[in-house]
Amino acid sequence: NIPSGATIQGIVAEVEKKDTVAGDILDGGVFIVKNNLSTGTDHSSADTWPTTDTYSTYGSSSDLWGVGWTPADINNQTGFGVQIEAGPASVGSVVTIDHIRITVYYFLPPSQPTNLRPTNNTIFAYNSSIMLNWTNSTVNNDGKNLSYLIDVSTDSNFNVINYSAD
């Protein structure tokens, strides 16, 4: 399951397929399925289907197939998938799809740091610098550093009011 609060970044579908007659079959349409409906950008390939079980990859880690996504859309196990059509076939051609593997790429923002305290309980004045320590990760799942905008109140409490990736 994709965690709620995640941002879907891309979808990859890998289809293991074959045809018994070389050069006979082409993709007729490759679409994403959302809420039980075939939708989005057609990802058909102009390549003919192979004569041995071979994976064909559609989409990418940054390809949303022309559709907006929420985690709930992906987690809908009966309404999410891929539709693939093939044709035309000659007499005697046997076309098979062994299976389809779908990978969903997403970004889940890390939890905001909590319990921020000045290093060594440093007292500071207006426009002075301060070092803050916290235990939460400061690197997102893409390996980018995160920047935090920290609000400092007069009672030395610290609140994270915004954060962003490099």
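All figures in this text were calculated on a predicted structure; none of them were measured in a lab.
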Response to the item:
Which of Lys17, Glu14, Glu16 passes side chain to side chain donor-acceptor pair (under 3.5 Å) with His99? It is Glu16
Response to the item:
dist Lys18:NZ -> Asp53:CG (nearest 0.5 Å) comes out at 5.0 Å
Worksheet item: Any link between Val67 and Val12 through a network of hydrophobic side chains (Ile, Leu, Val, Met, Phe, Trp, Tyr) touching at under 4.5 Å?
Response: no
Discussion item. Minimum heavy-atom separation for Phe80 and Val104, please, with both atom names.
Written reply: CZ-CG2, 4.1 Å
Fill in: Minimum heavy-atom distance Asp42-Gly29, with the two atoms named
OD1-CA, 3.6 Å
Worksheet item: Are Ile84 and Val33 connected, step by step, through hydrophobic side chains (Ile, Leu, Val, Met, Phe, Trp, Tyr) whose heavy atoms are closer than 4.5 Å?
Response: no
Discussion item. Keeping Ser45 on the side-chain end and Asp47 on the backbone end, is there a donor-acceptor pair under 3.5 Å?
Written reply: yes
Worksheet item: How about Phe31 and Tyr58: do any of their side-chain heavy atoms sit closer than 4.5 Å?
Response: no
Discussion item. Between Thr39 and Leu37 (side chain of the first, backbone of the second, donor and acceptor by atom type, cut-off under 3.5 Å), is there such a pair?
Written reply: no
Item to complete: Kindly say whether Gly68 contributes a backbone atom to a donor-acceptor pair with the side chain of Lys34 at under 3.5 angstrom?
Response: yes
Worksheet item: Any link between Leu64 and Ile2 through a network of hydrophobic side chains (Ile, Leu, Val, Met, Phe, Trp, Tyr) touching at under 4.5 Å?
Response: yes
Discussion item. If the test is side chain to side chain contact (heavy atoms under 4.5 Å, CB included), which one of Val21, Asp19, Asp24 qualifies with Val95?
Written reply: Asp19
Worksheet item: Is it true that the side chains of Asp27 and His43 contain a donor and an acceptor less than 3.5 Å apart?
Response: no
Fill in: Heavy-atom pair with the smallest gap, counting every atom of Ala86 and Ile25
CB-CG2, 3.6 Å
Item to complete: Locate the shortest heavy-atom distance separating Gly5 from Pro71; write the atom from each residue and the value.
Response: N-CG, 4.3 Å
Practice prompt. Report yes or no: do Ile102 and Ile74 belong to one cluster of Ile/Leu/Val/Met/Phe/Trp/Tyr joined by side chain heavy-atom distances under 4.5 Å?
Written response: yes
Fill in: Verdict with supporting geometry, Val82 and Ile32, side chain to side chain contact (heavy atoms under 4.5 Å, CB included)
CA-CA 5 Å; Val82 171; Ile32 199 75; 4.2 Å; yes
Worksheet item: For the hydrophobic clusters of this structure (ILVMFWY residues joined by side-chain heavy atoms under 4.5 Å, transitively), does one cluster hold both Ile97 and Ile11?
Response: yes
Worksheet item: Rounded to the nearest 0.5 Å, how far apart are OG of Ser61 and OH of Tyr106?
Response: 14.5 Å
Worksheet item: CG/Asp63 to CD/Gln9 distance, rounded to the nearest 0.5 angstrom?
Response: 12.5 Å
Fill in: From Leu26 atom CG to Thr48 atom OG1, the distance as rounded to the nearest 0.5 Å
6.5 Å
